[in-house]
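Residues: numbered from 1 along the sequence shown.
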Amino acid sequence: MEPNKKTILYVDDDADDRELLGDIMQKTSPECKIMYAENGLQAIEILTVAKDKKLLPCLIILDLNMPYLDGRQTFERIKADIILNSVPVVILSSGKNPADKSYFGNAGIPYFTKPIDIVDMESLANNLSTLCE
């Protein structure tokens with residue numbers, strides 16, 4: 001199944017962070033559509049519907065510290081699914097746990113730590129959008 005080259009799923013429980021990155025992504029890559037989930041459970045629900053409709057996002061940006069289903073648990077569910085595991089995942093989290101950084105680093109998953117200033121956020125948004133080309 002081919003991912004939708006214009007859709008990114010951003011999973012973060014912090015509304016301000018979702019809005020900030022979403023706004024910057026729209027400015028740097030207006031062709032991209034950003035879908036939002038407030039937690040891992042909501043992300044899995046969105047991804048299940050997207051999978052059924054054959055409209056997977058081209059990228060999942062995942063926070064780690066979330067209620068209901070944290071980022072690591074969400075990542076593990078995504079990677080356990082034969083269809084969803086093809087979607088690239090990037091971690092963007094305020095979490096600085098060395099075990100998390102090691103876990104995702106060993107899995108080849110890019111890990112970015114918040115907070116990120118606006119200039120760096122614009123650069124990050126540009127880099128992330130290239131994953132959808």
Side-chain angles (χ1 to χ4, degrees):
M1 177 182 311
E2 282 293 309
N4 183 337
K5 293 185 185 256
K6 303 290 183 193
T7 302
I8 296 171
L9 175 60
Y10 182 27
V11 188
D12 195 325
D13 63 323
D14 187 307
D16 291 335
D17 286 348
R18 287 193 312 268
E19 182 178 353
L20 177 62
L21 183 63
D23 287 349
I24 291 172
M25 290 293 295
Q26 288 297 283
K27 288 176 185 165
T28 60
S29 303
E31 72 282 2
C32 287
K33 174 185 174 192
I34 312 294
M35 296 187 318
Y36 301 97
E38 296 178 12
N39 59 64
L41 285 177
Q42 192 176 58
I44 296 300
E45 290 171 6
I46 289 169
L47 289 167
T48 300
V49 170
K51 182 172 74 169
D52 291 344
K53 292 182 177 183
K54 298 183 180 355
L55 294 171
L56 292 178
C58 60
L59 176 66
I60 300 167
I61 303 170
L62 187 60
D63 184 26
L64 294 182
N65 304 314
M66 298 181 294
Y68 310 116
L69 192 66
D70 70 25
R72 184 183 248 192
Q73 294 165 323
T74 304
F75 173 78
E76 289 170 351
R77 287 195 186 183
I78 290 167
K79 290 306 170 186
D81 185 291
I82 195 162
I83 294 173
L84 296 179
N85 72 11
S86 65
V87 180
V89 175
V90 171
I91 304 301
L92 179 59
S93 181
S94 60
K96 296 178 181 171
N97 182 337
D100 284 335
K101 288 185 178 185
S102 176
Y103 174 83
F104 289 105
N106 289 337
I109 304 301
Y111 191 113
F112 300 95
T113 304
K114 297 187 273 186
I116 300 174
D117 67 36
I118 295 297
V119 172
D120 289 339
M121 185 72 83
E122 288 173 353
S123 175
L124 176 62
N126 277 325
N127 290 334
L128 294 176
S129 68
T130 63
L131 296 173
C132 290
E133 293 177 352

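Residues Ile46 and Met35 are in side-chain contact: their nearest non-hydrogen atoms beyond the backbone lie under 4.5 Å apart. By the 4.5 Å heavy-atom criterion applied to side chains, Val90 and Ile60 are not counted as neighbours. Two residues are said to be in side-chain contact when any heavy atoms from C-beta on lie closer than 4.5 Å; Leu62 and Ile91 meet this criterion. Looking at heavy atoms from C-beta onward, Ile78 lies out of side-chain contact with Val87 at the 4.5 angstrom threshold. The shortest side-chain heavy-atom distance between Thr7 and Cys58 does not fall under the 4.5 Å cut-off. Counting heavy atoms from C-beta outward, Leu59 and Pro88 have side chains that approach closer than 4.5 Å. Using a 4.5 Å heavy-atom threshold, the side chains of Leu64 and Asp100 count as touching. Counting only heavy atoms from C-beta outward, the side chains of Phe104 and Val89 never approach each other to under 4.5 Å.
Among residues two or more places apart in sequence or in another chain, the ring-ring contact (aromatic ring centres under 6.0 Å, His included) test is passed with Tyr111 by none. Contacts of Tyr10 classified as ring-ring contact (aromatic ring centres under 6.0 Å, His included), with partners at least two apart in sequence or in another chain: none. For Asp14, there are no salt bridge (charged side-chain N to carboxylate O under 4.0 Å, His left out) partners two or more places apart in sequence or in a different chain. Here Arg77 pairs with nothing under the salt bridge (charged side-chain N to carboxylate O under 4.0 Å, His left out) rule; sequence neighbours left out. Residues passing the salt bridge (charged side-chain N to carboxylate O under 4.0 Å, His left out) test with Asp17 are Lys114, sequence neighbours excluded.
For residues 63-74, every residue pair satisfying the side chain to side chain donor-acceptor pair (under 3.5 Å) rule, not counting sequence neighbours, is listed here: Asp63-Ser93.
Between Ala43 and Val11, the closest heavy-atom pair is CB-CG2, 3.6 Å.
Panel note: side chain Gln42, backbone Glu38; a donor-acceptor pair is recorded below 3.5 Å. A distance-only check finds no donor-acceptor pair linking the side chain of Ser102 to the backbone of Pro98 [under 3.5 Å]. Remark: side-chain polar atoms of Ser86 are paired, donor with acceptor, to backbone N or O of Ile83 under 3.5 angstrom.
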List the steps and the verdict of side-chain contact (heavy atoms from CB on, under 4.5 Å) for Ile61 and Ile8. CA-CA 7 Å; Ile61 303 170; Ile8 296 171; 3.8 Å; yes
Passes salt bridge (Lys or Arg N to Asp or Glu O under 4.0 Å), Arg18 versus Asp13? Steps please. CA-CA 8 Å; Arg18 287 193 312 268; Asp13 63 323; over 6 Å; no
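Note: Lys6 NZ to Lys33 NZ = 13.5 Å, rounded to the nearest 0.5 Å.
A donor-acceptor contact closer than 3.5 angstrom links the side chains of Glu76 and Tyr103.
The hydrophobic cluster containing Leu84 also contains Ile82, counting ILVMFWY residues as joined when their side-chain heavy atoms lie under 4.5 angstrom apart, directly or transitively.
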